[in-house]
Asks: 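Next up is a structure, given as structure tokens.
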Number of protein chains: 2
Amino acid sequence: MQIRSATEADWPHLWVIIEPIMREGETFALPRDGSEAIARAYFASPEKVNFVAEDDGVVLGASYVRANQQGGGSHIANCGYMTSPAARGRGIARALCAHSIDYCRAQGFLGIQFNFVVSTNEPAVALWQKLGFGIVGTLPQAFNHPVHGYVDSYVMFRTL
Amino acid sequence: MQIRSATEADWPHLWVIIEPIMREGETFALPRDGSEAIARAYFASPEKVNFVAEDDGVVLGASYVRANQQGGGSHIANCGYMTSPAARGRGIARALCAHSIDYCRAQGFLGIQFNFVVSTNEPAVALWQKLGFGIVGTLPQAFNHPVHGYVDSYVMFRTL
């Protein structure tokens with residue numbers, strides 16, 4: 001598996017990955033019936049830098065990196081990740097996150113913030129904790145989960 | 001003083017208020033040398049609803065309201081406020097915040113989240129606490145303050 005910068009030509013592959021995640025509605029705060037344009041604005045809008053994880057030419061996951069705030073807040077990055085449901089358990093999210101930690105540090109960011117980690121997404125929370133992120137905030141019942149109803153969401157942070 | 005919906009014609013008045021706040025760089029995460037377009041995208045982009053507080057036809061402050069997230073997160077609002085530096089101490093921020101609490105509740109939102117309250121902005125933190133907001137997260141050294149250097153920023157939240 002290698003991680004490389006995404007190109008314009010990668011979006012259709014990213015859409016194939018993010019569409020079922022969006023329809024499932026359990027991890028990203030995106031409308032379950034949302035359009036491809038909404039997904040693209042969320043994950044691959046112009047202010048974001050995208051990377052893809054691919055194996056033998058097949059895109060298995062992707063990440064984005066951006067500054068989380070402007071001005072006095074622009075030294076903290078914000079990142080997001082998605083993994084093809086068919087490729088779960090292969091360490092792709094871990095590899096993408098480790099890559100973005102290195103990338104953000106090289107870009108001069110001093111920290112990474114995840115703004116909205118759904119608390120019921122326990123594998124993700126545990127993985128981010130292993131990679132050095134801590135829960136710095138709990139947003140009470142901030143996510144309406146299609147199965148569990150209103151559940152907390154976390155703000156997670158890692159100093160670089 | 002009355003609070004009313006903003007119109008297209010109000011923006012020049014809002015810009016007069018926000019420009020010195022942006023140049024000062026102590027409370028909003030906006031570039032100190034940023035353009036009017038950046039300020040407008042931050043405070044009055046199309047997905048936001050704006051209100052103005054005016055006294056005798058003079059705009060003294062403004063607010064925005066939007067959904068903080070999409071999809072499963074769209075029941076939580078995000079709001080922002082600005083007060084003309086010349087009109088500080090007259091209860092304008094309090095009135096605008098109280099108004100947006102009522103407005104958000106009427107719109108069916110179940111909570112309001114402030115994503116980035118600079119910790120050194122103590123009058124604002126104290127005011128939001130009086131209006132029912134609690135600090136639910138601390139973002140370590142997430143704001144580069146022009147006088148105090150790196151300082152914490154808070155995530156604040158109020159259930160409706």
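Below, chain A is the first sequence line, B the second, and so on; all start at residue 1. From a predicted model like this one, the values you see are computed outputs, not experimental measurements.
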Asks: For side chain to side chain contact (heavy atoms under 4.5 Å, CB included), just list the numbers for A/Val136 and B/Leu139, CA-CA rounded to whole Å, side-chain angles, deciding distance to a tenth of an Å, and then say yes or no.
Replies: CA-CA 7 Å; A/Val136 297; B/Leu139 312 171; 4.0 Å; yes
Asks: Among the clusters formed by ILVMFWY side chains lying less than 4.5 Å apart, do B/Val65 and B/Val59 turn up in the same one?
Replies: no
Asks: For chain A, which residues from residues 141-160 of chain B lie under 4.5 Å away (heavy-atom distances)?
Replies: B/Gln141, B/Ala142, B/Phe143, B/Asn144, B/Tyr150, B/Val155, B/Phe157
Asks: Less than 4.5 Å apart, side chain to side chain, heavy atoms only: is that true for B/Asn115 and A/Asn115?
Replies: no
Asks: Relative to chain A, which segment of B/Ile135 carries a heavy atom at a distance below 4.5 Å: side chain, backbone, both, or neither?
Replies: neither
Asks: With a 4.5 angstrom heavy-atom cut-off, could you sort out which part of A/Ile76 is near chain B: side chain, backbone, both or neither?
Replies: side chain
Asks: Please say whether more than 12 non-hydrogen atoms of neighbouring residues, nucleotides or ligands are located less than 6.0 Å from CD in B/Glu47.
Replies: yes
Asks: Output the option from A/Gly71, A/Gly137, A/Gly72, A/Pro31 having the highest count of non-hydrogen pairs under 4.5 Å with chain B.
Replies: A/Gly72
Asks: Honestly curious: do B/Leu14 and B/Phe28 fall in one hydrophobic cluster under the side-chain, below-4.5 Å linking rule?
Replies: yes
Asks: Tell me, out of A/Gln113, A/Gln70, A/Arg32, A/Met22, who's got the most heavy-atom pairs with chain B below 4.5 Å.
Replies: A/Gln70
Asks: Looking only at heavy atoms, which two atoms of A/Ala29 and B/Gly73 are closest? And how far apart?
Replies: CB-N, 4.2 Å
Asks: Please check if B/Ile101 and B/Tyr103 belong to a single hydrophobic cluster, counting links between Ile, Leu, Val, Met, Phe, Trp and Tyr side chain heavy atoms closer than 4.5 Å.
Replies: yes
Asks: With a 4.5 Å cut-off on side-chain heavy-atom distances among I, L, V, M, F, W and Y, is there a chain of contacts connecting A/Phe43 to A/Phe51?
Replies: no
Asks: Measuring heavy-atom distances to chain A, does B/Tyr42 have an atom under 4.5 Å in its side chain, in its backbone, in both, or in neither?
Replies: side chain
Asks: Treat each ILVMFWY residue as a node, draw an edge where side-chain heavy atoms are under 4.5 Å apart, and state whether B/Trp11 and B/Leu60 are in one component.
Replies: no
